[in-house]
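Both counts, for ligands and for their atoms, begin at 1 and track the order of listing.
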Amino acid sequence: MENIENLKVQLLSEIVGAKDIKALEEVRISALGKKGRITEMMKNLGALSLEEKKETGKVLNILKTEIERALEEQKEKLEKAELDARLVQEKIDVTLPIRPEVQGRIHPVSKIYEEVVAIFGEMGFEVAEGPDIEDQFHNFNALNTPANHPARQMQDTFYIPNPESENFDDSYVVRTQTSAVQIRTMEKKQPPIRIIAPGRTYRSDYDATHTPMFHQVEGLVVDKTTTFANLKGCLYDFVKAFFELDELPVRYRPSYFPFTEPSAEMDIGCKKTKAELKIGAGDDWLEILGCGMVHPNVLKACGIDPDEYQGFAFGLGLDRLAMLKYGIPDLRTFFESDVRWLKHYGFMPLDESSMTGGLSNNGGLAR
Ligand code: DAH
């Protein structure tokens, strides 16, 4: 059998001398691998007498532990040295231009979000927010849609059980409409109010133009003299700015929403051919949003006196706007996280949307 003390000295010097992880691994295999020197010695213990076996076995176990510890220490040392060397080598010059093949893109929904905020921001609207998980009071009841109101059928709602109550009326919802933020805003603040509330909304729907999660923007203006004429002027300015057109035919059709009276839907002029949809002059109409004068019951539910104040509200689908403006045919693709899609329809990160610098900056389109 090899002299154990000599073997130890030799192995320790080989370990300390290993210049990299690969060399160290070779030393480990030569000592502790299947056919390693220590392994072989352990195998040979069988040939010894009981007394010798006990004695040598003990010494070999100690040797094995010491060698393992030395290997581990050297490994840590080498890894640290490798990392230090890499850190010195891999310097990043953040002033270099971005390589186009690795550059990220702004999602069309984020782009539209920025555009809408830029337009209404310019008109003096503030951005308001509310939670995605709502109670029925904010999502429905205070919006003049109590339980069992037939208008609840207009939306395929995801209800969420309330762990503290068996009563269905206490269950939560993932908000079906950003209109809930109207209520949250009016509860907190007395008029004058001028807000938009962009955000996520949820309904149990799935086809080319519906996804279970989608985005809306709500608008609300409340003051003493707010009129339907103000609503029309505001929305007309919005659609012209949004579609970046000087002229755009619009019309209002009577409609029904429980939280507005009167209620209307706004259409914009367009021309539909088999090949494309052109927004602007043409013989066709395209529905773009819902709106109306805030129902007195909604003001009352928020502690605002409807004899003193009146307001208008509107709601529109951000994803739908993105589809129309950027000619994206299927809504489901928005949420598939396909990087090729994002490269095609996405926007350059530094193209900021502003009323003065340009909204969509088509020159910067990644197409
Ligand atoms: N909340 C409505 C929906 O999701 C959209 C809407 C219509 C909002 C009319 C409004 C409004 O504020 O006045 O279908």
Sub-3.5 Å N/O-N/O distance, R203 and ligand 1: yes
Give the residue, atom name and distance (to 0.1 Å) of the protein heavy atom nearest atom 5 (C) of ligand 1. G315 CA, 4.1 Å
For ligand 1, does F312 get within less than 4.0 Å through its side chain, its backbone, both, or neither, judged by non-hydrogen atoms? neither
When hydrophobic residues are tied together by side-chain contacts of less than 4.5 Å, even through go-betweens, does W285 share a cluster with L289? no
Run the salt-bridge test on R203 and D205 with the 4.0 Å N-O cut-off and return the result as yes or no. no
For atom 1 (N) of ligand 1, what's the nearest protein heavy atom and its distance? Q177 OE1, 2.8 Å
Could you tell me which atoms of ligand 1, counted from 1 in the order shown, lie closer than 4.0 angstrom to a heavy atom of Q216? 3 (C), 4 (O)
Has ligand 1 got any nitrogen or oxygen that is less than 3.5 angstrom from a nitrogen or oxygen of A313? yes
Atom 12 (O) of ligand 1: closest protein heavy atom, distance to 0.1 Å, is E218 OE2, 2.5 Å
Can you see whether Y309 engages D223 through a side-chain donor-acceptor pair at a distance of less than 3.5 angstrom? no
Atoms of ligand 1 close to S179 [distance to a heavy atom under 4.0 angstrom, numbered from 1]: 1 (N), 8 (C)
Does a side chain donor of either D170 or S165 reach within less than 3.5 Å of an acceptor in the other side chain? yes
Please state which option from G292, G290, P258 has its nearest heavy atom closest to atom 7 (C) of ligand 1. G290
Reference residue H107; test ring pair (Phe, Tyr, Trp, His ring centres under 6.0 Å); the match among Y345, F347, W341: W341
In one Ile/Leu/Val/Met/Phe/Trp/Tyr side-chain cluster, 4.5 Å: L220, L231: no
Strictly below 4.0 Å, N to O, side chains only: are K35 and E40 in salt-bridge contact? no
So for Q182 against ligand 1, with non-hydrogen atoms under 4.0 Å, the contacting part is side chain
Would you mind listing which atoms of ligand 1 come within a distance below 4.0 Å of any non-hydrogen atom of F257? 7 (C), 9 (C)
Protein heavy atom at shortest distance from atom 11 (C) of ligand 1: F259 CE1, 3.5 Å
Salt bridge present between K8 and E66 (N-O < 4.0 angstrom): yes
